[in-house]
Structure formats: structure tokens, C-alpha cells
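The block underneath contains the structure these notes are about, expressed in C-alpha cells.
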Amino acid sequence: MARALALVDCDNFYVSCERVFDPGLRGRPVVVLSNNDGCIISRSDEAKALGIRMGAPLHEERRLVEAHDVRVFSSNYVLYGDMSWRVMQTLSEFAPEVEVYSIDEAFLGLECTGQREARALGEAVRGRLGRWTGLPVTVGVGATKTLAKIAARVARKSEKAEGVAVLSDARLTEAALARVAARDVWGIGPSRARVLKEAGVETALDLARADERWARCRLGVVGARIVLELRGTPCLPLDSCPRPRHTVTASRSFGRLVKSREELCEAVSYFVTKAAERLRRARLAACVLVVFAATDRFGAGEQYSATATLRLPVPSDITPELVAHARRGAEQIHREGLLYKKAGVTLLELVPAAPAQAGLFDGLDRPRAGRVAEAVDRINKRWGDDTVRYGARAADRPWRGKVEKRSPRYTTKWEELLKIEA
DNA sequence: TCTGGGGTCCTAGGACCC
DNA sequence: TCTGGGGTCCTAGGACCC
């Protein structure tokens, strides 16, 4: 193995974050819910063993949850985001090249070549992350990203539960591929899984041995790449410097249905304010703004969903300006008599936020507006979300969803610091 | 009663051009 | 009756990921 990749994947990340600060949760079934306390998006091993399904609406699993006294948490993204940052900081000490792939996963570029060396590194990563963050992780090493994913999967499922698997030669790689179902390979979703099933491709090993032209034809370029990656030919390069994002979206399902034009406008103003904060953090400005709203897709009433796309006269990251456009969009799509369940705003065609120039024609003092926005961001960061709000936004958010079981933001709010009583 | 949110990449089809 | 072909750009929607 001339060059290898390690995938470091946090085990049951959200649940594990909760357990760091409440050790009483260890060994017990625990789940974390999506926004609005809707679906189950993270499960402890004990919860999985009970048969609680990933992604299932909480109400469908209510019986199991109650019968086995499962601890249930609303998601606490502030906490998880901060814990993720700590994990990634720690990982950066192990390899010169680290690609942060998601909130709970990273790929590391390794120069080490052998089974023993790679395994030792994996164990060192696990040890240090355990001591420094309290989070359990699994490490998979392989010649490509897809093989590293396979390795991590095998490590997690192995009887010995070592937490590290290294596919350092053809024999080990084949043995691992034979143990993984084709539908569980990274990049195979329901659609490609159906194609594979019809073709009698059952394991990842079968897929690795599939004819390349057949794969290209039936699974697309993405599928063809998966086949090559399974054979050890890298097609997905390590990307250690994140490219600027292309879109920013802020949206939510409502806790109760929204009817009036004004209430929809207020909700959309709130979403675009949140999106603008993220835009400024990334030092970007948007050229296009999309507003969308939809009725309850599970409801019996009339189904409706609509979008309004607005091109901004000048790329903008200025909240009041974006709010004004978003309100216009909301007014366009609002239809009287309908009940809205969800709405949101997407900002796209993002460009680097230029040093603001005074607009000659748009009548907005951009440098000044930019300074105001920065000040608002700083105050809200220092004193808490929504300490300062823009006037166009209603203070109370009656349509806000449920967040009934959120744990304290232990690591980012002084007043929510963990208390230990002697 | 209750059913998530935020991304990326690819593809197909239409408009348009030479 | 015959009535190109290839390129680019854009957009909407599909597929997939965590």
C-alpha cells in the first residue's frame, strides 16, 4: 500500500456527545431527534439492538421507547458542532492532510505502508480522541476512500470490536468486500441498489468484479467510479482545503401551521436572517435568493409547494436588504386559504464578499450597512442568539417547532456549564 | 397529536449559436 | 421530399450523503 487513506468516523456521534456530559447514559438505550423533535437521527448501540430504526418518526417508535425506557434528546447542534471542531483539531495532529467530510467523519492521508504501522496509527487516534474528547471512533484504512469506508464498516461490525481495520493487501481487501452487501457500499442508494439486485450483484466483492462498461451504463459515472474505487483505483481525491460553498439554506418545518401572508413573511424573514449570518461568516455574498413554502405533504388537504427566485441587483450579504427581497418572494408565493407546514430560503450564486463599495445607484450605504451587520453578529455571538434583532422580524416565533428535550450547551455557554456536586 | 435539514454532483432536455 | 451537427449554457430534477 503505497499511499493509504484512513477514515475516522465517530460512533453514534450525537448520542456519544450527550454521553460525554452525562455518563449515566452509558450502557443505556439513547436516541437523538431531528429538528422539531420529529425523527430519530442518532441511536446508541443499545437502541439499535432494540430494533429502533434510523430516520423513523419518533411517534412510530413510541412503543419501543416507552417499553425500554429509552432516553430521548432533542438535537443540540451547538454542542455537536463544538465537539466536532475538537475532534477535527485533534486529528490534524496525526496527518498533514485532513479532509473534514462531515460533522462526524474525516479522511486522513497516510504515508505509512504496512498493516502494523497503519493499525498503530488507528489505535493512537482512538486513544487520543478518547482522552481528549471522550468520544469513541472507528478507524478504517484502505487504498481509496471507498475502501476506507468499507474497512470502517467491517471494523464496526467485527466480533472483536477492535475499532480499527486495515485493508493492507488484496487478500484482506477481498475478505472485507465479501462481508459487505453491495447495497451498503458508499454511494449506493436505493436506486442503484435496485439495479444491482436485478443483476444479481449481492456483495461489494461482486460489485468490485463487475464489468466496467456495464457499470458505466447501468450505474452512471458515479457507479463506475465506485467500482474502480473498490478495486483500489482512487477516483475520489483527498480534498484537504475545503472549497467555498455554493449554497446556503435555512428552512424549517413549522410547529404549527402558518396561514397568513404576514406570518409567512415573518418566518421567511427569520430564515433569511439566519442564512445571512452564515453567509457573512463564510465571507460570501449572494446573487440569487430563492424563497420556498409548502403545505403538509402528509396532510389530507390541498397540496401546494412553490418557489420564488429573485436575482439581486448587487451581490449582497446585508440582512435588511436580503429580508426585503425575501419578503417580496414570500408575498409572491403566498396563496390565501392554504396552510403552510414548511418554508425556507436558499441563497445561491455565492461570490466572495467584495470590500463593500457605496452603491451609486441602489441608494444603500453599503459600507455602513456592512459595519452594522458585523456589529450585530458580534453582539449575538457574545451575548447569545437574538440579543439584537432586525426590526422586520417578529420577536416571538409562534410557528417554532418543538425542542423539548435539549441538553445544555455545555461547551459554549457559561450559564450552561456542567455542574458537579460533591 | 406526531413525519428533519443542509449539502453536492450528475443528467437530461431545451435554448441558442455557428 | 430532402431539410446538419456540434458546441455551450442553463435549469430542473434525481440520487446520494450525513
Side-chain angles (χ1 to χ4, degrees), chain A residues 7-15 31-43 53-63 65-66 72-77 80-81 84 99-107 145-146 149 152 183-196 216-226 235-237 239 242-257 271 274-275 278-279 282 287-288 290 292 294-300 305-307 309 311 341-350 400-405:
Chain A
L7 173 70
V8 179
D9 192 346
C10 298
D11 302 340
N12 313 330
F13 182 58
Y14 296 170
V15 164
V31 299
V32 175
L33 304 177
S34 64
N35 280 302
N36 218 358
D37 290 353
C39 296
I40 291 161
I41 54 170
S42 182
R43 305 164 296 161
R53 295 161 304 145
M54 179 62 175
L58 175 62
H59 66 89
E60 288 180 11
E61 305 291 322
R62 186 67 80 184
R63 196 182 52 77
V65 166
E66 282 169 6
V72 177
F73 288 87
S74 305
S75 41
N76 185 345
Y77 288 108
Y80 310 150
S84 174
E99 176 183 338
V100 177
Y101 176 68
S102 73
I103 194 166
D104 70 338
E105 281 173 74
F107 289 101
K145 284 184 171 176
T146 309
K149 277 273 193 183
R183 65 173 175 278
D184 292 330
V185 172
W186 192 40
I188 303 296
S191 172
R192 292 192 183 95
R194 216 173 309 121
V195 172
L196 294 179
R216 175 65 187 85
C217 172
R218 299 298 313 280
L219 306 172
V221 287
V222 174
R225 280 204 285 258
I226 292 170
C235 300
L236 308 168
D239 194 358
R243 280 159 304 163
R245 47 164 67 223
H246 295 146
T247 62
V248 171
T249 301
S251 75
R252 282 288 180 280
S253 293
F254 298 132
R256 70 153 170 75
L257 298 172
F271 297 136
K274 292 289 149 194
R278 284 198 264 147
L279 199 60
C287 300
V288 174
V290 177
F292 57 92
T295 53
D296 186 358
R297 64 194 161 106
F298 299 102
S305 101
T307 64
T309 303
R311 181 162 285 278
K341 176 66 182 171
K342 180 178 178 168
V345 173
T346 299
L347 301 173
L348 41 127
E349 290 189 30
L350 307 186
R400 199 179 167 166
K402 273 196 291 186
V403 191
E404 289 177 349
K405 295 171 273 261

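Below, read A as the first sequence line, B as the second, and so on, with proteins coming before strands; counting in each chain starts at 1.
In terms of phosphate contacts, Lys149(A) brings no side-chain nitrogen or oxygen within less than 4.0 Å of OP1 or OP2 of dC17(C). Contact between the side-chain N/O atoms of Ser251(A) and the OP1/OP2 oxygens of dG6(B) is found at a separation under 4.0 Å. OP1 or OP2 of dA15(C) has at least one side-chain nitrogen or oxygen of Ser191(A) nearer than 4.0 Å. The side chain of Arg252(A) contributes no N or O atom lying less than 4.0 Å from OP1 or OP2 of dG4(B). Between Thr249(A) and dG7(B), a side-chain N or O to OP1/OP2 separation shorter than 4.0 Å is present. Side-chain nitrogen and oxygen atoms of Lys341(A) include at least one within less than 4.0 Å of the OP1 or OP2 phosphate oxygen of dT3(B). In this structure, Arg278(A) reaches the dG6(B) phosphate: one of its side-chain N or O atoms is under 4.0 Å from OP1 or OP2. The shortest distance between the side-chain N/O atoms of Ser102(A) and the OP1/OP2 oxygens of dC17(C) is not below 4.0 Å. For the pair Arg225(A) and dC10(B), the criterion of a side-chain N or O lying under 4.0 Å from OP1 or OP2 is met. Listed pair Arg216(A) / dC10(B) fails the phosphate criterion, with no side-chain N or O lying under 4.0 Å from OP1 or OP2. In terms of phosphate contacts, Arg245(A) brings a side-chain nitrogen or oxygen within less than 4.0 Å of OP1 or OP2 of dG7(B).
When the C1' atom of dC17(C) is taken as reference, atom CZ of Phe107(A) falls 11 Å away, rounded to whole Å. Distance CG (Asn36(A)) to P (dG6(B)): 12 Å, rounded to an integer number of Å. Residue Arg192(A) contributes atom CZ, which lies 7 Å from atom C1' of dC16(C) at whole-angstrom precision. Atom CZ of Phe292(A) and atom C1' of dG4(B) are 12 Å apart (whole Å). Taking atom NE2 of residue His246(A) and atom P of nucleotide dC17(C), one finds them 20 Å apart after rounding to whole Å. Rounded to whole angstrom, the span from the CE atom of Met54(A) across to the P atom of dC17(C) amounts to 12 Å. In this structure, Arg311(A) atom CZ and dC10(C) atom C1' are separated by 11 Å, rounded to whole Å. Rounded to an integer number of Å, the gap from Leu348(A) CG to dC10(C) C1' is 13 Å.
Formation of a donor-acceptor pair under 3.5 Å by the Asp37(A) side chain with backbone atoms of Glu404(A) is found in this model. With hydrogens and angles disregarded, no donor-acceptor distance shorter than 3.5 Å links the side chain of Arg225(A) to the backbone of Leu236(A).
Between Val31(A) and Val15(A) there is no side-chain heavy-atom pair separated by less than 4.5 Å. Side-chain contact check for Tyr101(A) versus Lys145(A): every heavy-atom pair is 4.5 Å or farther apart. Using a 4.5 Å heavy-atom threshold, the side chains of Lys402(A) and Ser74(A) count as separate.
Using a 4.0 Å heavy-atom cutoff across all strands shown, Ala250(A) reaches sugar-phosphate atoms only and no base atom. Across all strands, Leu33(A) comes closer than 4.0 Å to no nucleic acid atom at all (heavy-atom distances). At a threshold of 4.0 angstrom between heavy atoms, the contacts of Asp104(A) are confined to the sugar-phosphate backbone, with no base atom among them. Among the atoms of the strands shown, none is found under 4.0 Å from any heavy atom of Lys402(A).
In this structure, dC18(B) forms a base pair with dG5(C), meeting either the Watson-Crick or the G-U wobble geometry with both donor-acceptor distances under 3.5 Å.
A 6.0 Å sphere centred on CZ of Arg183(A) holds no more than 12 heavy atoms belonging to other residues, nucleotides or ligands.
In this structure, of dG4(B), dG5(B), dT3(B), it is dG4(B) that holds the atom nearest to the side chain of Arg297(A).
Only the P atoms considered, dC17(B) is 24 Å distant from dT3(C), to the nearest whole Å.
Where Val248(A) and Val221(A) meet DNA chain B, the nucleotide closest to each residue was compared, and Val248(A) sits on the side nearer the 5' end. Heavy-atom distances to DNA chain B give each of Thr247(A) and Asp37(A) a nearest nucleotide, and the one nearer the 5′ end belongs to Asp37(A).
Residue ring and nucleobase are stacked for Phe298(A) and dT3(B), with a centre distance beneath 5.5 angstrom and an angle between planes beneath 30°.
The shortest non-hydrogen separation linking Ser34(A) to Ser75(A) is C-OG, 3.9 Å.
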